[in-house]
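Just so it is clear, the model here is predicted, and its values are computed rather than measured.
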Number of protein chains: 2
Amino acid sequence: MTTASFERPILTVDVVLLALLEQGRLHVALSPRPSDPFKGKLALPGGFVHTDKDRNTVDSARRILADKLGFAPSHLEQAFTESGPKRDPRGWSASVVYLALHPAAQLAPLQADGRVQLFDIDSLPRLAFDHLLLVEQAVKRLRAKAAYTSIAAHLLPREFTIPQMQTAFEQVTGQQVNAANFRRKILETGALKETRMVPAAYRPAQAYRLVEPLTDFGYNLF
Amino acid sequence: MTTASFERPILTVDVVLLALLEQGRLHVALSPRPSDPFKGKLALPGGFVHTDKDRNTVDSARRILADKLGFAPSHLEQAFTESGPKRDPRGWSASVVYLALHPAAQLAPLQADGRVQLFDIDSLPRLAFDHLLLVEQAVKRLRAKAAYTSIAAHLLPREFTIPQMQTAFEQVTGQQVNAANFRRKILETGALKETRMVPAAYRPAQAYRLVEPLTDFGYNLF
DNA sequence: ACAATAGTGTCTTTGAGACACTATAGA
DNA sequence: TCTATAGTGTCTCAAAGACACTATTGT
């Protein structure tokens with residue numbers, strides 16, 4: 001290997017933080033960039049990996065969310081790494097993209113005090129860098145995974161009813177499923193643990209919480 | 001954001017190149033490192049991203065395989081990115097790991113002239129860096145994907161028979177499947193295109209090739 | 001009492017898997 | 001003609017989906 005005439009690339013982490021707003025549509029968290037490049041343009045929460053503190057890139061993602069938004073998402077997973085010479089005007093860069101999910105309710109305060117803005121993923125404004133592409137790819141991954149795992153439950157409060165979960169599932173995947181069959185399959189997986197009864201619109205409903213890690217359904221739900 | 005007292009991390013690409021040897025076991029391509037760190041130790045083909053030539057990290061992966069092994073794999077996909085301060089003694093590093101698959105036959109010459117050594121993934125020697133972990137994770141991903149896509153076909157020659165494909169599938173997943181049902185399901189997907197008849201052990205068999213991109217089965221094959 | 005949602009029981013239909021069978025070669 | 005492998009046809013059974021029904025609340 002010849003010694004090189006190339007610079008070290010930039011390494012960043014970007015987080016595609018998604019929430020399901022009341023109207024039931026997926027929204028992504030964006031904030032205007034505080035500085036150049038793309039000063040003032042909307043962008044994903046992201047930043048450089050801090051080699052002095054971060055033990056790895058998930059750590060970076062958590063630190064960035066804590067610093068910029070002041071909270072820890074209920075689900076965070078690595079999605080993919082995007083790279084190239086042109087995606088950041090500062091130079092050749094690679095960005096490790098994380099997919100984060102969180103209940104919408106807890107995002108409202110952040111939105112109120114202007115730390116983030118939530119945008120419907122189907123009508124995004126122009127974004128800084130290649131962040132539009134990053135959002136699209138992350139959403140695609142969520143939709144795929146929602147079809148055969150309990151991942152969509154992370155968009156709900158920690159306690160939720162089965163009809164709520166079904167709604168979240170349907171809104172993420174865009175597919176309708178039969179309520180009786182959804183209930184049967186999801187309970188069979190053992191992904192849920194009963195908690196308490198909660199008042200619902202009419203008849204009260206049994207609430208559940210996720211029983212730790214992502215469980216997959218028998219296979220696909222449709 | 002305070003201006004930072006941290007260095008840019010190292011960015012590398014490592015390739016987990018897998019092949020199915022005649023005996024039917026998965027093997028990974030390794031070579032002794034030509035220089036420090038870990039000089040002489042076995043490692044995955046990998047190297048720095050060259051910001052002067054690579055248009056992205058897949059490009060880096062292809063360049064590395066071309067330079068070090070002199071060939072282009074029949075399948076190459078990004079798997080995940082591993083990172084941390086200790087995995088490379090030169091400093092905080094991130095490695096984008098690619099999964100590559102290739103027919104074993106074409107690897108034999110490289111093995112003959114010493115460019116690579118192929119090791120059974122179930123009895124690996126000590127490896128440089130965290131490469132053992134990288135291999136394990138990449139193999140796990142292959143096994144998962146083999147269950148519901150045609151990915152395992154990339155371990156076969158470009159033209160192959162259905163019984164051959166079944167064998168590859170079974171060796172990768174470790175699951176036995178019924179020949180008649182395997183044939184039916186794989187043909188239903190439209191993943192295969194007939195080519196010509198080839199002599200087999202006794203009755204000659206119809207050969208097929210993959211009809212480009214990864215197709216997924218109805219769902220899981222078992 | 002009625003409307004609205006939660007939750008159950010059951011029938012039908014589909015598809016996965018088992019398996020017996022036919023087809024075509026080499027020995 | 002026998003054996004080994006390629007490839008087909010069909011039956012069974014379990015699971016997915018459809019759907020009618022009961023249960024429990026608010027209004």
Side-chain angles (χ1 to χ4, degrees), chain A residues 22-24 146-150 152-153 156-157 159-171 173-209 215-222, chain B residues 22-24 146-150 152-153 156-157 159-171 173-209 215-222:
Chain A
E22 304 70 36
Q23 322 86 308
Y148 61 92
T149 72
S150 51
L156 299 172
E159 293 194 353
F160 52 85
T161 67
I162 288 185
Q164 279 170 1
M165 182 170 172
Q166 180 178 350
T167 302
F169 172 86
E170 289 179 344
Q171 280 158 343
T173 63
Q175 302 274 338
Q176 301 272 108
V177 291
N178 176 278
N181 300 334
F182 182 84
R183 175 183 302 274
R184 179 161 37 79
K185 273 194 106 170
I186 192 95
L187 287 177
E188 269 171 10
T189 64
L192 304 186
K193 183 175 159 67
E194 290 185 10
T195 56
R196 61 206 175 86
M197 296 300 294
V198 293
Y202 289 85
R203 169 173 173 178
Q206 177 65 53
Y208 297 84
R209 59 174 184 70
T215 320
D216 68 356
F217 304 155
Y219 241 59
N220 228 317
L221 266 174
F222 31 80
Chain B
E22 305 70 36
Q23 324 86 307
Y148 61 93
T149 72
S150 52
L156 298 172
E159 294 195 353
F160 52 85
T161 67
I162 288 185
Q164 277 170 1
M165 181 170 172
Q166 179 178 352
T167 301
F169 171 87
E170 289 179 343
Q171 280 159 345
T173 64
Q175 301 274 339
Q176 300 272 109
V177 292
N178 177 280
N181 300 334
F182 182 85
R183 175 183 300 274
R184 178 161 38 79
K185 275 196 104 171
I186 192 96
L187 287 177
E188 269 170 10
T189 65
L192 303 186
K193 182 173 158 69
E194 291 186 7
T195 57
R196 61 204 175 86
M197 296 298 295
V198 294
Y202 288 86
R203 172 173 170 176
Q206 176 67 52
Y208 297 84
R209 58 175 183 72
T215 318
D216 67 357
F217 303 156
Y219 240 57
N220 229 318
L221 267 174
F222 31 79

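The nearest whole Å value for the distance from the OH atom in Y148(A) to the P atom in dA16(D) is 17 Å. Protein atom CZ of R183(A) is 12 Å distant from nucleotide atom P of dG9(C), rounded to whole Å. Between the CG atom of N181(B) and the C1' atom of dT12(D) there is a distance of 12 Å, given to the nearest Å. Between the CD atom of Q206(B) and the P atom of dA23(C) there is a distance of 18 Å, rounded to whole Å. Atom CZ of F182(B) is separated from atom C1' of dG9(D) by 20 Å (rounded to the nearest Å). Following rounding to the nearest Å, Q166(B) (CD) and dG17(C) (P) show an atom-to-atom distance of 12 Å. Rounding to whole angstrom units, CD of residue Q164(A) and C1' of dG7(C) are separated by 15 Å.
Scanning residues 192-200 of chain A for heavy-atom distances under 4.0 Å to DNA chain C yields an empty list.
The side chain of P163(B) sits closest to dA6(D) out of dG9(C), dA16(C), dA6(D).
Side-chain atoms of N178(A) and base atoms of dA16(D) include no donor and acceptor less than 3.5 Å apart.
At distances below 3.5 Å, not a single donor-acceptor pair connects side-chain atoms of Q166(B) with backbone N or O atoms of R183(B). In this structure, T195(A) contributes its side chain and A207(A) its backbone to a donor-acceptor pair below 3.5 Å.
Within the model, atoms CZ of F169(B) and CD of Q176(B) stand 10.5 Å from one another, a figure rounded to the nearest 0.5 Å. Interatomic distance, CD of E159(A) versus CD of Q206(A), reported as 9.5 Å (0.5 Å rounding). Rounded to the nearest 0.5 angstrom, L187(A) CG and E194(A) CD are separated by 8.5 Å. Distance CE/M165(A) to OH/Y208(A): 11.5 Å, rounded to 0.5 Å. Here T161(A) contributes atom OG1 and M197(A) contributes atom CE; the two are 10.0 Å apart, rounded to the nearest 0.5 Å.
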Tabulate protein N/O versus nucleotide N/O from nucleotides 23-25 of chain D, keeping only pairs under 3.5 Å, one per line.
| residue | atom | partner | partner atom | Å |
| --- | --- | --- | --- | --- |
| dA23(D) | N3 | R203(A) | NH1 | 2.7 |

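You'll find the side chain of V177(B) reaches within 4.5 Å of the side chain of E170(B), heavy atoms only. Side-chain contact check for F160(B) versus T167(B): every heavy-atom pair is 4.5 Å or farther apart.
If you check every strand for non-hydrogen atoms under 4.0 Å, A179(B) touches nothing.
Mapping R184(A) and Y208(A) onto DNA chain C by nearest heavy atom places Y208(A) closer to the 5' end of the strand.
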